[in-house]
Each structure stands twice: as structure tokens, then as C-alpha cells.
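Structure first, then comments.
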Amino acid sequence: MAGGSVLFAGSHNRNELVVIHNHEEEKKALKRLDGSVCEICGDGIGLNDEGDVFVACEECGFPACRPCYEYERREGTQLCPQCNTRYKRIKGTPRVPGDEDEEDIDDIEHEFNMMDHHNNTKAAVDGEQKLSASLQRRVHPFPQSGEEKEMVHVRKLMEQGNLGPRLDDKIDQDMSTMNDETRQPLSRKVPIPSSKISPYRMVVAARLVILALFLQYRIMHPVHNAVGLWLTSVICEIWYEREGEANMLAAVDVFVTTVDTMKEPPLVTANTLLSILAMDYPVDKISCYLSDDGASMLTFEALSQTAEFARKWVPFCNKYSIEPRAPEMYFAQKVDYLKDKVQHTFVKERRAMKREYEEFKIRINALVAKSLVAPPEGWVMQDGTPWPGNNTKDHPGMIQVFLQGNELPNLVYVSREKRPSFLHHKRAGAMNALVRVSGVLTNAPFMLNLDCDHYVNNSKAVREAMCFLMDPQVGKRVCYVQFPQRFDGIDKNDRYANSNRVFFDINMKGLDGIQGPFYVGTGCVFRRQALYGHEPPKVHKRPKMVTCGCCSFFGSHSANGEAASLGGMDKHNKEILFDEKFGKSSTFVTSTLREEGGVAASSSREALLKEAIHVISCDYEDKTEWGSELGWIYGSITEDILTGFKLHSRGWRTIYCMPKRSAFRGSVPINLSDRLNQTLRWALGSVEIFFSRHNPICYGCKEGKLRFLERFAYINTTIYPFTSIPLLVYCLLPAICLLTDKFIMSELSTYSGILLVALFMSFLASGILELRWSGVSIEEWWRNEQFWVIGGISSHLFAVVQGILKIVAGIDTSFIVTTKAFDDEDFKQQLYNFKWTTLLIPPTTVLIINLVGVVAGITDAINTGYQAIRPLMGKLFFVFWVVSHLYPFLKGLMGRQNRTPTIVIIWSVLLASVFSLIWIRIDPFVITARGPDPKQCGINC
């Protein structure tokens with residue numbers, strides 16, 4: 001890859017290439033600290049104030065130096081690692097919590113001197129801390145205190161081989177000459193035990209039979225005095241029940257995207273990048289690309305600081321094989337690393353690295369504080385050149401290589417060109433730009449994409465993905481390996497079902513047994529050739545591609561189909577065909593023909609950078625297949641589902657990989673308003689796909705490459721927002737039953753009672769068995785059920801309305817970036833923080849109407865007498881079902897001080913009143929008799 005320390009910028013006119021900024025960073029070697037006396041750090045123990053040998057523990061005499069003793073008392077467990085006795089305060093050492101109970105002689109004067117000395121060591125950073133003190137809480141996502149527990153469990157380190165330098169795996173030379181088809185597979189299927197899955201399948205089959213019988217009974221036994229109410233409930237019920245070796249590893253390009261530095265703090269992005277650069281993978285085969293769609297100088301400068309810190313952090317991670325490799329998460333671990341003996345150098349280097357990281361955070365926060373007030377003339381770089389991205393909607397493309405070489409992976413900054421008169425297709429457009437830039441500069445055969453807040457939690461995750469993608473038997477038909485999403489920062493009760501365990505641990509596992517899981521937008525390793533529109537190879541055949549027969553990659557397998565038609569074309573017509581598909585870049589088109597990846601050795605740095613600027617220009621995709629057949633597919637704000645569906649429709653297989661240690665971890669919306677907006681975006685994307693040409697009901701049926709059950713799963717992902725309509729009606733039925741004194745079912749007979757109990761038991765049994773084989777807890781399942789109702793009557797309902805308005809009236813929707821992280825100190829405050837959104841109105845209205853119905857029903861039962869109590873119980877149970885599902889919403893709505901936004905109360909009461917008045921006026925669910933009543937008028941009919 002072409003590298004350098006120069007920022008290159010250019011416009012959509014490919015003949016313009018400007019060298020803007022020289023930004024060379026000097027390397028600083030990390031000092032090696034050695035010693036042999038102190039059992040913790042290896043330094044000499046030293047003497048105490050009286051000239052005797054310093055003794056940290058008076059009980060067992062464990063050899064520890066004074067700095068280690070003070071550090072353990074101040075930030076550790078305060079226990080001796082040998083006898084587990086609490087360290088007593090020694091004269092001349094600072095006090096810590098717990099010293100008040102000791103009856104030793106105070107040394108207040110000397111203690112103050114020690115504290116002054118301690119404060120002096122931090123004087124160099126206090127000025128910068130004060131600079132951002134007032135803004136730190138809002139812009140800094142992680143704790144700022146240096147008083148974090150600095151502990152690492154030694155047994156975990158020993159299990160992972162952390163007690164010494166990691167030795168490279170030896171390479172078996174004979175493997176390189178062995179035919180791929182005769183190798184042992186790199187992966188194998190591990191089926192779920194039949195004792196778990198067979199009863200589950202039997203119960204599901206019985207559940208379907210019982211359900212069919214129950215629905216038949218409901219249809220054949222109408223409620224004659226409330227036909228409308230009965231028919232509505234039956235329609236809703238029917239709607240609900242549709243249902244290798246190190247040197248053999250391939251190169252990987254890693255894509256990270258960011259757009260808003262306020263909602264996606266630079267420190268969060270920096271931790272993600274550092275965890276990528278420190279992955280347990282050959283450094284010469286990893287290239288990391290950061291797409292800055294906001295063209296922010298803050299992101300650019302923060303990336304420069306990240307690259308400098310990576311020179312120290314990556315060697316430290318590789319030396320001791322630590323986990324996780326995001327520094328914020330690693331240093332936040334609260335485990336004891338003094339329980340057993342560890343290398344002295346590890347303890348000292350870890351402390352030195354933590355100090356380096358604290359200084360790194362201060363520098364990042366200083367940049368954030370500085371960026372809050374933009375100068376009137378715009379931002380200016382260090383050499384006095386105006387920042388090209390001062391106008392975020394009208395700026396040239398920018399590329400800079402921050403890291404390059406054999407010691408560290410490549411790190412590249414990319415900001416694609418933007419002009420007001422062009423469509424940029426949000427995140428999907430940014431991902432396609434990264435595909436082309438990486439194809440020109442490094443052209444790795446595989447690509448990993450991560451959100452800016454999803455750090456690498458398992459440094460071996462990419463290696464595990466390669467076991468599937470490079471498998472000589474089945475790997476060639478696998479287009480991507482999807483990892484489950486795991487999250488930090490979730491409240492202990494997970495009231496808004498942020499973990500989404502039912503989807504990731506049940507639904508996605510089930511799809512893995514058909515044609516493969518959905519692509520969920522992050523934590524996914526792609527095969528580059530699959531995103532270029534190729535179809536999977538057939539057995540013992542190479543992929544069919546639109547190409548000439550001269551390329552070694554495709555060999556001579558172009559005798560059939562569309563490839564055969566190219567044989568009679570002249571060179572000019574072939575070039576036109578490639579230009580219409582991939583765009584007018586000969587360098588990039590050539591890279592698409594390299595199945596094994598790589599860049600031509602003869603390519604010069606300047607030529608590659610010039611071509612890279614060209615492929616991210618805003619007019620490059622005009623009259624090409626980008627976004628329609630190539631790369632990430634346009635047409636929906638949930639481009640991930642649409643892209644995965646396109647790949648499955650071509651016949652590709654996908655894999656769901658769930659390592660014991662989660663591969664990646666990210667952050668989630670904390671408060672209810674942000675969570676509802678997130679689900680609104682997902683549901684709106686599904687509605688857009690439903691009304692597009694990619695509707696899975698019919699798209700790709702002619703080719704027949706998408707399996708039936710996989711197609712059925714995709715159909716469910718596109719129509720689930722429409723469930724909000726019958727769900728909303730069903731949540732209102734309990735109140736209607738109480739207000740009308742009617743019920744949705746006729747009087748239960750013995751047969752209908754048996755059916756109802758059998759149906760309930762089949763649902764219960766299938767649910768229990770499902771939880772058993774998936775490992776999902778009952779609490780997680782119940783939270784998912786609750787938020788399905790909450791999101792269904794709010795976000796999904798609004799998504800359907802907005803989607804229809806977009807189709808009918810052409811009203812476009814805006815993309816709202818989800819806030820990625822918050823300071824831990826503000827976690828509870830953000831959990832109860834309410835932002836006004838109209839999504840809060842429908843659930844609140846449903847709650848009020850049901851409460852009104854309960855009051856009306858109980859009042860009517862009291863007036864009627866004892867005979868009304870029995871039917872009232874069934875109706876109240878119906879209401880309890882609705883309220884119990886909406887309980888997390890009610891709890892979040894009331895907040896910590898039990899205060900509900902006034903606007904929500906006003907709108908909800910207004911809608912509830914209008915609904916009640918309409919019901920009083922028309923009474924729609926009760927049949928009104930026409931003509932005289934013979935019992936009253938005495939007419940004998």
C-alpha cells in the first residue's frame with residue numbers, strides 16, 4: 001500500500017490532486033523496566049524513615065517496595081498478596097479509607113508533605129484538565145478519574161499465555177504444497193443435541209395443530225351479540241400467528257465509519273481503532289480505514305493522537321496477550337492481579353501504560369473542548385492551510401495514511417468528496433467508498449466492518465472467521481461471517497431489551513441452520529468478491545463472471561453464459577462493460593479481478609493515491625451498478641438487511657460465529673426516547689424494503705437461489721412493522737370489552753376450554769424448550785416480549801405511516817445518529833432523561849384508555865351485582881396482559897421523580913377523551929336492533 005504522512009485532497013475532477021499537510025509523527029520507544037528484589041515490581045525494597053529495611057506487611061514480611069505498598073493501599077485491595085492481611089498504615093505514608101480504625105500515631109504534618117508531593121506529580125496535567133472540566137461530562141464517554149482499580153487476574157493471564165512474550169506459531173512447510181481439496185476442513189458443524197431439539201420440534205408441530213383447531217373453533221363460534229368485537233379479535237389473532245496458520249491467513253481490510261463527533265465521541269472511536277490495530281493477527285495483513293463522513297478536523301487530529309499512542313499500546317498488547325485490547329475497557333477491569341506471581345516487567349509496564357493512556361485521554365478531551373467553538377474564518381491546520389472540510393456539505397475528498405509498515409497495521413483516514421448537487425446515500429455510500437479506496441490501496445480479499453463504538457473484545461475473532469471463509473471445502477461459498485452483537489452500559493434489569501438476546505441467540509441461530517444469518521450492520525467479515533456482484537462457485541467450478549478469458553483468476557471457465565458472450569467482444573467493448581459496472585478507474589477494475597487480493601508491485605505511491613482520490617469522488621458512481629448490484633445496496637436506511645438479502649438471493653451461504661468470549665462489544669441507547677427512535681429507524685427501513693423492488697415476497701423467485709425458509713424469514717423482517725396495526729387494536733380491546741360489557745369470546749364449552757388450555761400449554765412448552773437450547777434466560781425473554789409490545793404500538797406504527805407517506809407523497813425521512821456512549825457518572829441521569837418525541841403518545845394513550853376501562857368495568861360490576869364478577873375477572877386479566885407488557889414504558893415515562901412530560905399527558909388525555917366520546921356516540925361493537933321491540937310493545941311477531 002502506498003503510504004506516507006501527507007494529507008491528500010482532491011475534487012471530482014480527477015486531474016486535481018493537492019498535497020495539503022505534512023504530519024509526521026516521531027516514534028517513542030517504550031522503556032523496559034527491570035528489577036529483582038520487590039516481588040511485585042522487581043525494584044529494590046529500600047529503607048524506611050528510620051534507616052531500616054522497609055517492611056510492608058508486619059504479619060508475614062512479604063517483600064514489597066514502598067511505591068508498590070502505597071499503590072496497593074491507594075488503588076488496590078489493600079491486602080497483602082501473601083497472607084491476605086490488610087496493610088497497616090506505616091508512619092510517613094498517606095492515609096486511605098479504613099485507616100480511621102487504627103490506633104497508630106498520627107503523622108499529619110508528614111502526610112501533608114506526601115500529599116503535596118503526590119499533587120505535584122499531577123501538576124503537568126491539571127491545566128489541561130481544567131480546560132475541559134466544564135465540558136468533560138458531556139463530551140467524555142468514559143470515567144476521567146485516575147483512581148480506577150488497576151487490577152488484572154493473573155490466572156486468566158496464565159491461561160492465555162500472558163506471563164511472557166508470545167512465540168510465533170511454527171509453519172508446516174509441507175502444507176503449502178498440499179492440494180486445497182485434500183486438506184482437512186477448518187470448521188465443522190456441531191449440532192444441537194437431539195435431546196434438546198427433538199422435543200422442541202415435536203412441541204412446535206403440536207402447537208401448530210392445536211392453533212389451527214383453536215382458530216377453527218373461534219371462527220365457527222361467533223359472538224352473536226357483539227359480532228364486530230368478535231370479528232376484530234379473530235382478525236388480530238390470525239394476523240399474529242403467521243409465522244490456519246499465521247502466514248497462510250488472508251489479508252483483511254477493516255472499515256470503521258463515523259459522522260458526528262458529538263454523538264460519536266472521538267475517545268470511543270479511538271478505543272475501537274486501538275483494539276483493531278492490536279488484534280491477534282499478522283500486522284502486515286491488517287489495514288484499518290476510518291471513514292469520516294462529517295469531514296471533522298477534530299476526528300482528523302484525534303486520529304493523529306491515536307496513531308501516536310498505538311505505537312506504544314500495540315506492542316504492549318502483543319507482548320502480554322491482554323484481553324480486551326481497547327485500553328478503556330482493559331484498565332476498567334476490577335480484578336486482582338496480585339493473587340499469584342507475575343512477571344515484574346508486566347506490573348511496571350502496565351502502570352506506565354496506564355499513565356500514558358490517561359495522558360492520551362487528556363489530549364483527546366482538550367481537542368474536544370477546543371472544537372466546541374469554531375473560529376469565524378474556519379479551522380486551520382498546523383501548517384496554516386485552511387481545513388478542506390470546513391464546509392461539511394461541500395468539500396473535496398481527503399486521504400491520509402497515518403500508520404504504515406511492518407511493525408504496526410496500516411491506518412488510513414478517508415473523507416469522501418461531497419457536493420450539494422449529488423446524492424451521497426448516507427452510511428451505505430460511505431461503506432462503498434471505503435470498498436473502492438481499500439481496493440486501490442490494499443485490496444485485501446476479506447473485509448471487516450465495525451461501528452465506531454464496537455471495539456474488538458476478542459483479539460482472535462478474525463482468526464475464527466477465517467476458519468470458515470478459508471475452509472477449502474465449504475469456504476468458497478460463504479460470503480460473510482456474522483458475529484452476534486454484545487453490549488456494555490446496559491442497566492441491570494435491561495428494561496428496554498437492549499441486549500436483544502432473543503434475536504441474536506434464538507433467531508440468528510435458527511437461520512444459521514438454513515442459509516445463514518442476516519447481516520446486522522456491524523461485526524461482520526465479508527468476502528470482497530461477493531460484494532462485487534459475483535455468484536458463489538458451483539461444485540468444482542470457479543465463479544461465473546463477466547470477464548475475458550485471459551485472466552488467470554477466472555482461467556478458461558468462460559465458455560458458458562454471459563462470460564461466453566464476451567469472447568467475441570473487442571477490447572474497447574469489454575472496457576465499456578467494466579466501466580458501466582465498476583466505474584471509470586482502470587486501477588480499481590484491475591483489482592476486482594484479483595481473487596486473492598493484493599496490489600501490483602509496480603504501482604507507485606502517487607499513482608495509487610491519485611486513483612484513490614478519484615474513486616471517492618461524488619460523481620464516480622454515476623451510471624454504474626454501485627448501490628444496485630455492487631457493494632452496499634441503496635434504497636433503505638437499513639442497508640444492512642437489504643445487502644444481506646441481495647447476497648442470499650444470489651445463492652451465497654452465510655455463517656453465524658459465536659465464540660465463547662464475545663468477539664465485539666458496543667454501546668446502546670440508554671433512555672427510552674433514544675431506544676424508540678432506534679427501533680423507528682429499523683422499522684422504517686423494513687417498510688422501505690417492503691415497498692421497493694427488493695420485496696422478498698417476489699424478488700429472486702425466478703432464479704430460485706434463496707431457500708424457502710430463508711425467504712420466509714426475510715419476509716418477516718419486512719412485514720413486522722405492519723403488525724403494529726392489529727397489535728394496537730388488540731391492546732385497545734380490553735378497554736372496549738369493559739366499556740361495552742361484552743367479550744371477544746362466546747361462553748366457553750368443554751371442548752373450547754380444552755383447546756384453550758392445550759394452546760396455552762403448547763406455547764409454554766415451546767417457549768421453555770426454546771430457552772433451553774438457546775441459553776436465553778426467562779427474564780431476557782420476558783423483556784423482549786415487553787418491548788415488542790412497546791415498540792409495536794409506537795415506533796412500528798409511526799414507521800408504517802412514514803413509509804406510506806414517503807411512497808405516496810414523496811416525503812423523505814431524516815437519519816438520526818444514535819448517541820453512542822455516556823460517562824458512567826451520568827448513567828442513571830441519562831437512563832431517566834426524557835427527550836420529547838411523538839413516539840411516546842400512543843403507548844400512553846393505550847394505558848389511559850385501559851385504566852378508564854378498568855374504572856368503568858368495576859363500577860358497572862358493583863352496580864350490577866355478584867353475577868357480574870365472574871365475567872369481569874376475564875376482562876381484567878385481559879387488561880393485566882396489556883399493562884404488564886407496557887410496565888417498562890410506564891416506569892420509564894414516570895422517571896426518577898415520577899414526573900411525566902406535560903405534553904405527553906395532554907395529548908394522551910385528549911386522544912383518550914376523543915376515543916371515549918366516539919364510543920359513546922356510535923357504540924360500534926354492539927348490534928343495534930331496528931324496529932319495535934316485541935317485549936316492550938306487545939306485538940306478537
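Side chains included, hydrogens not; waters and symmetry mates left out as well; all remaining heavy atoms used.
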At their closest point, which heavy atom of Ser884 faces which heavy atom of Trp782, and how far apart are they? O-CZ2, 3.9 Å

Separation between CG (Leu213) and CG (Leu208), nearest 0.5 Å, reads 11.0 Å

Answer yes or no: is there a side-chain heavy-atom contact under 4.5 Å between Leu840 and Leu672? yes

Strictly distance-based, threshold 3.5 Å: is any side-chain N or O of Arg707 a donor or acceptor partner for the main-chain N or O of Ile514? yes

Within the 4.5 Å heavy-atom criterion, are Met873 and Phe877 side-chain neighbours or not? no

Does the side chain of His796 come under 3.5 Å of the side chain of Thr723 through a donor N or O and an acceptor N or O? no

Show your reasoning for whether salt bridge (charged side-chain N to carboxylate O under 4.0 Å, His left out) applies to Asp451 and Arg427. CA-CA 11 Å; Asp451 288 344; Arg427 185 174 183 269; 3.1 Å; yes

In sequence, state the C-alpha distance, the side-chain angles, and the governing distance for Leu759 and Leu755, and then conclude on side chain to side chain contact (heavy atoms under 4.5 Å, CB included). CA-CA 6 Å; Leu759 181 64; Leu755 279 181; over 6 Å; no

So, for Cys731 and Val789, which heavy atoms are closest and what is the spacing to 0.1 Å? SG-CG1, 4.1 Å

Under the criterion side chain to side chain contact (heavy atoms under 4.5 Å, CB included), which of His454, Arg665, Met508 is the partner of Gln485? His454

Ignoring hydrogens and geometry beyond distance, is a side-chain donor-acceptor pair present between Asn695 and Tyr714 at under 3.5 Å? no

Which heavy atom in Phe722 sits nearest to a heavy atom in Thr718, and how many Å separate them? CE1-O, 3.8 Å

Between Phe760 and Val757, does the side chain to side chain contact (heavy atoms under 4.5 Å, CB included) criterion hold? Intermediate values first, please. CA-CA 5 Å; Phe760 175 76; Val757 172; 5.7 Å; no

Looking at Val846, is its backbone amide N or carbonyl O close enough to the side chain of Asn850 to form a donor-acceptor pair, meaning the two atoms are under 3.5 Å apart? yes

Residue pair Tyr496 / Phe889, side-chain heavy-atom distance below 4.5 Å: no

Quick one: closest heavy-atom pair of Val502 and Val776, and the distance? CG2-CG1, 4.4 Å

Any heavy-atom pair between the side chains of Arg486 and Asn457 that's under 4.5 Å? no

Tell me whether the rings of Phe645 and Tyr699 are parallel (<30°), tilted (30 to 60°) or perpendicular (>60°). tilted

Just by distance, no angles: are the side chains of Ser774 and Asp505 close enough, under 3.5 Å, to form a donor-acceptor pair? no

Could you tell me whether the side chain of Ser794 and the main chain of Pro843 form a donor-acceptor pair under 3.5 Å? no

Is the backbone of Asn498 close enough, under 3.5 Å, to the side chain of Asp494 for a donor and an acceptor to pair up by distance? yes

With a 4.5 Å cut-off on side-chain heavy atoms, are Thr679 and Phe787 touching? yes

In this structure, CG of Leu680 is separated from CG of Asp674 (nearest 0.5 Å) by 12.0 Å

Give me the atom names and distance for the closest heavy-atom approach of Pro484 to Phe504. CA-CD2, 4.2 Å

When rounded to the nearest 0.5 Å, the distance separating CG of Asn507 from NZ of Lys509 is 11.5 Å

Supply the atom-to-atom distance Leu511 CG to Thr654 OG1, rounded to the nearest 0.5 angstrom. 8.0 Å

Decide whether Gln786 and Arg783 meet the rule of one side-chain donor and one side-chain acceptor closer than 3.5 Å. yes

Taking the side chain as every heavy atom from C-beta outward, state whether Thr844 and Ile848 have any pair of such atoms under 4.5 Å apart. yes

Under the 3.5 angstrom rule, does the side chain of Gln515 hit a backbone N or O of His648 as a donor-acceptor pair? yes

Examine distances only and state if a side-chain atom of Glu780 and a backbone atom of Arg501 form a donor-acceptor pair shorter than 3.5 Å. no

Can you find a heavy atom in the side chain of Trp788 that is under 4.5 Å from one in the side chain of Leu727? yes

CH2/Trp881 to CG/Leu876 distance, rounded to the nearest 0.5 angstrom? 16.0 Å

Stepwise side chain to side chain contact (heavy atoms under 4.5 Å, CB included) check, Phe691 with Glu688: CA-CA 5 Å; Phe691 288 114; Glu688 290 174 339; over 6 Å; no

Main chain of Val520, side chain of Gln482: is a donor-acceptor contact present, judged purely on distance under 3.5 Å? yes

Aromatic ring proximity Phe483/Tyr656, centre distance under 6.0 Å: no

Judged by atom type as modelled, is there a donor-acceptor pair below 3.5 Å linking the side chain of Ser636 to the main-chain atoms of Thr638? yes

Would you mind reporting whether Ile793 and Ser724 have side-chain heavy atoms less than 4.5 Å apart? no

Quick one: do Tyr720 and Ser686 satisfy side chain to side chain contact (heavy atoms under 4.5 Å, CB included)? Show the steps, please. CA-CA 8 Å; Tyr720 81 87; Ser686 296; 3.4 Å; yes

Leu684 CG to Ile689 CD1 distance, which is reported to the nearest 0.5 Å: 10.0 Å

Using every non-hydrogen atom in the two residues, find where Asp640 and Tyr519 come nearest and quote the distance to one decimal. O-CD2, 3.2 Å

